[in-house]
Amino acid sequence: MDVTELSTSESVSKKKGKTKKIKRKTKSDEGPVEEIKPADDEVKEEKSESGGFFPPTFSVSEIKNKQRRHAMFLKLKQEKRKLKLELKKKRKKEREALGDKAPPKEVPKTIENQRIYDETTVNPEDEEVAFDEGTDEFSAYFNRLTNPKVLITTSDRPRGRTVRFCEQLATVIPHAHVYYRRGLALKRVIPQCVSRGFTYLIVINEDRKVPNGLILCHLPDGPTAHFKVSSVRLRKEMKRRGKDPTEHVPEVILNNFSTRLGHTIGRLFAALFPHDPHFIGRQVATFHNQRDFIFFRFHRYIFKNEKRVGIQELGPRFTVKLRSLQKGTFDSKFGEYEWVHKRHEMDSSRRKFHI
Amino acid sequence: MTANSQICSIWLGSETGILKGVRLIKKQAFNFCEMSCLSRDQEVCVMAWGDPHESEVLVGSVNGAVKTFSTDKGIFTGSRECGDPSQGRFTGLAVNESALITCVESGLLKVWKEGSTDTVEVNVGNGICRMRQNPSQRRHVATGGKENTLKVWDLERPDKPVFTAKNVAHDWLDMRVPVWVRDIGFIPDSDKIVTCTGHNQVRVYDPSASQRRPVMEAKCGEFPLTALSLPASQGTVVVGNTHGQLTILDLRKGLVRGCLKGLAGAVRGLQCHPSLPLVASCGLDRFLRVHSLEDHSLQHKVYLKSRLNCVLLSSRELESSSLDVTGDVEEVKGEEDEVWDTMETVTEKTKKRTTQSEEAAVSGVEGKKKRKVAKK
């Protein structure tokens, strides 16, 4: 029995090639003792249980020869994949057989599903939070008393990439003006901005010729948010992009700002843009929050028919993460912070997010 | 409403003008206000106990009104106009023998006597950040602020301060050290005063010593310190800064004993419990946190939806309020009292076991009598 088994396996492997034949031989050499017992069982059981040939303490990493070890590992993976597919087929058959009585499909666990519920999540019917939001620093904008006017500047001596990023941001945000920093102190710039009627100050911080920080300061006396900026893509680096944005006011989409802090940041972004978007321009700016990272995208859309939309990405794209939110205008030394990102206390759990 | 206010052990004032009472064991918060007439100019700046029995809370708001809230009845019982918003916000509120003492940012310290309209006025200087009353000598009041050094005033003789602190010597660059007193604390059983400044310094002054300069100075962190509190155990002080860092400092040498973690926003109000080793903190991140001073762990955390300005702890806390609850339950339950008591004592700490067994012994006797009545 044993001999015939080996001969059949050898004949099969001859078609595959020399190297594989050698490996087949070594495999059979290694497990001759074990093969006797399961040989009887193998006739009765399925072929897929060839994994039972090896003692439980054997692992692929014990083979010293790299080529043989690699081949063994590939075989192991193939067998596992086969098992998985068969299991899947079996389950599908059972599901079809049960028909209506089948249990509901299980939803796979994602980090967003498993997110720890944040107790500061805003309930839309909460009166106290509604009053708080209705009378906070942005109430002048949301009650349509002021129009946004934005000043964009950088840290001192910016390099080409940052300058181009500022210019592109100025085309995306309406009523935005770019000024050179020229070594001016922000605390002196702010009263001058207020007197000239600006509502927002954006400072793009640069490090090693690349923008890496963003300070967004709401002007009359509003909160200052400090963000970390990453993966900035300028217009010429974007694939399949459309033509340059026009002067029309874009629509604004804010996704997934659910907690109290998220609400404040969402309002901070919303107040950058004027109230009434020009739908003729078909442009939209999206701030999408996922896992505490906020992704900015700027698109132009067109409705092909009632159900299908085509979008074209224009404009710069960047990712932003909140580092601190300070009450009052920019004063990093003596200002009071509403929220500070403390890495060791807040990032200890991979399922807990704050925005 | 009345039941709610009677069981609250911590009182907080928020920026939206709402007075909040918190019951820690159940982590419940109650708002005591009228939702229809909320406005930002009713923002609570200061809070104080109206009487030594802690049955009245005095709430000072931005518009210059000081409202009295009764904890027994659960409603605001009175309101007084104590100044107008043009002079700045309230920086201190205290009560001395039925007279109300208020201090505003412009430096006007007024003593409002009950019934009569005449007031004693003292000008303590401009830019006041805090006014505090000495808990052992209630006529003495300390004030301090931005470019306004610590001064201790006696209200019987209001023309000159009892003690004026002197600024420290010039620093190593021979430049004047700026003054910014943010919070003041009186050390019990002695004459000494602790202050924390906006330039992250903690200083101890001794009026009975021969020098007007601070006896001890310590630098703590890199951000302005906003609040200070003295725990029941002597020799330490808890300070909080604008980044939400709470540090416990040793007053003898000025070294850091430990940090309390968890706060994400600036600390606006800080108070240590008069007898237990607990400290309650509230701030701009809209949470009330109670930490234990012994093992620096967070005991309770309650989300209150508005930014919080001040916190007031009642002397009865946690244990006594939980005992009241079990007392009621025992009377109702009847014969299973002893079984329930033994079950509780096994799971809880030794401290609570002794107090609870005493309570059980006392109420058990009463319970037996009531049980006999119930059986009939």
Side-chain angles (χ1 to χ4, degrees), chain A residues 116-140 143 221 223-226 259-265 292 322-328 330-349 352-355, chain B residues 14-18 20 27 29-31 33-43 146 178 180 182 197-200 221-227 240-246 259-268 283-289 298 301-309:
Chain A
I116 297 174
Y117 176 71
D118 196 327
E119 51 187 333
T120 60
T121 310
V122 175
N123 183 359
E125 294 133 9
D126 198 324
E127 284 181 334
E128 191 181 338
V129 176
F131 171 74
D132 199 12
E133 289 196 342
T135 52
D136 69 355
E137 294 103 345
F138 301 107
S139 56
N143 291 335
D221 48 352
T224 308
H226 176 38
T259 64
R260 187 70 186 82
L261 179 68
H263 263 238
T264 314
I265 301 291
D292 279 358
L322 182 69
R323 279 170 76 173
S324 68
L325 180 66
Q326 186 214 318
K327 188 175 182 206
F330 180 75
D331 190 351
S332 58
K333 209 167 158 204
F334 298 118
E336 288 189 324
Y337 285 85
E338 236 188 88
W339 189 82
V340 177
H341 181 74
K342 294 185 180 174
R343 191 166 70 94
H344 293 284
E345 292 170 39
M346 296 177 186
D347 281 352
S348 54
S349 162
K352 181 148 182 50
F353 306 110
H354 307 279
I355 297 184
Chain B
S14 64
E15 276 195 7
T16 47
I18 302 172
K20 290 174 187 273
K27 293 214 178 180
F30 304 103
N31 286 354
C33 69
E34 290 126 65
M35 290 308 292
S36 51
C37 63
L38 277 182
S39 64
R40 283 271 161 164
D41 62 350
Q42 285 178 15
E43 178 185 336
K146 192 147 194 182
W180 188 7
R182 287 296 285 257
T197 69
H199 302 287
N200 41 298
E222 316 108 40
F223 299 103
L225 302 169
T226 50
N241 70 2
T242 54
H243 254 232
Q245 291 159 349
L246 288 174
C259 289
L260 303 172
K261 293 198 174 171
L263 271 99
V267 179
R268 280 272 177 97
L284 291 179
D285 59 348
R286 302 161 216 259
F287 273 93
L288 164 73
R289 286 182 176 83
L298 181 68
K301 185 171 101 159
V302 184
Y303 176 58
L304 304 157
K305 301 158 196 153
S306 323
R307 290 190 274 237
L308 305 160
N309 262 344

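In what follows, chains are A, B, ... by sequence order, proteins preceding strands, each numbered from 1.
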Point-to-point distance, once rounded to the nearest 0.5 Å, from [atom1] of [X] to [atom2] of [Y]:
X	Y	atom1	atom2	result
D41(B)	T135(A)	CG	OG1	10.5 Å
E127(A)	N31(B)	CD	CG	10.0 Å
T226(B)	F334(A)	OG1	CZ	13.5 Å
L325(A)	L284(B)	CG	CG	9.5 Å

Practice task
Decide yes or no on salt bridge (charged side-chain N to carboxylate O under 4.0 Å, His left out) for D132(A) and K305(B), but give the supporting numbers first.
Solution key: CA-CA 8 Å; D132(A) 199 12; K305(B) 301 158 196 153; over 6 Å; no

Handout entry: Under 4.5 Å from a heavy atom of chain A, the part of E222(B) involved
Key =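 For E222(B), no heavy atom lies under 4.5 Å from chain A.
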
Exercise for the section: Run the numbers on R268(B) and E336(A) for salt bridge (charged side-chain N to carboxylate O under 4.0 Å, His left out), then give the verdict. Expected result: CA-CA 9 Å; R268(B) 280 272 177 97; E336(A) 288 189 324; 2.8 Å; yes

Problem - Exercise: identify the closest heavy-atom pair between R40(B) and F131(A) - result: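 Heavy atoms only, the tightest pair is N-CZ, 4.1 Å.
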
Exercise for the section: Select one option (side chain, backbone, both, neither) describing which atoms of S332(A) are under 4.5 Å from chain B's heavy atoms. Expected result: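 Just its backbone gets close to chain B.
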
Exercise for the section: Carefully, step by step, assess F223(B) and K333(A) under the rule side chain to side chain contact (heavy atoms under 4.5 Å, CB included). Expected result: CA-CA 7 Å; F223(B) 299 103; K333(A) 209 167 158 204; over 6 Å; no

Handout entry: Flag, side chain of E345(A) to backbone of G262(B), donor-acceptor distance under 3.5 Å
Key =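 Yes, the answer is positive, given that a donor and an acceptor are paired below the 3.5 Å cut-off.
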
Practice task
Output yes when a side-chain donor or acceptor of K342(A) lies under 3.5 Å from a complementary backbone atom of K261(B), and no otherwise.
Solution key: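 Side chain of K342(A) to backbone of K261(B), a donor-acceptor pair under 3.5 Å: no, none is there.
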
Problem - Sole residue of E128(A), E119(A), E338(A) in salt bridge (charged side-chain N to carboxylate O under 4.0 Å, His left out) with R286(B) - result: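 With R286(B) as partner, E128(A), E119(A), E338(A) yield a single salt bridge (charged side-chain N to carboxylate O under 4.0 Å, His left out), made by E338(A).
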
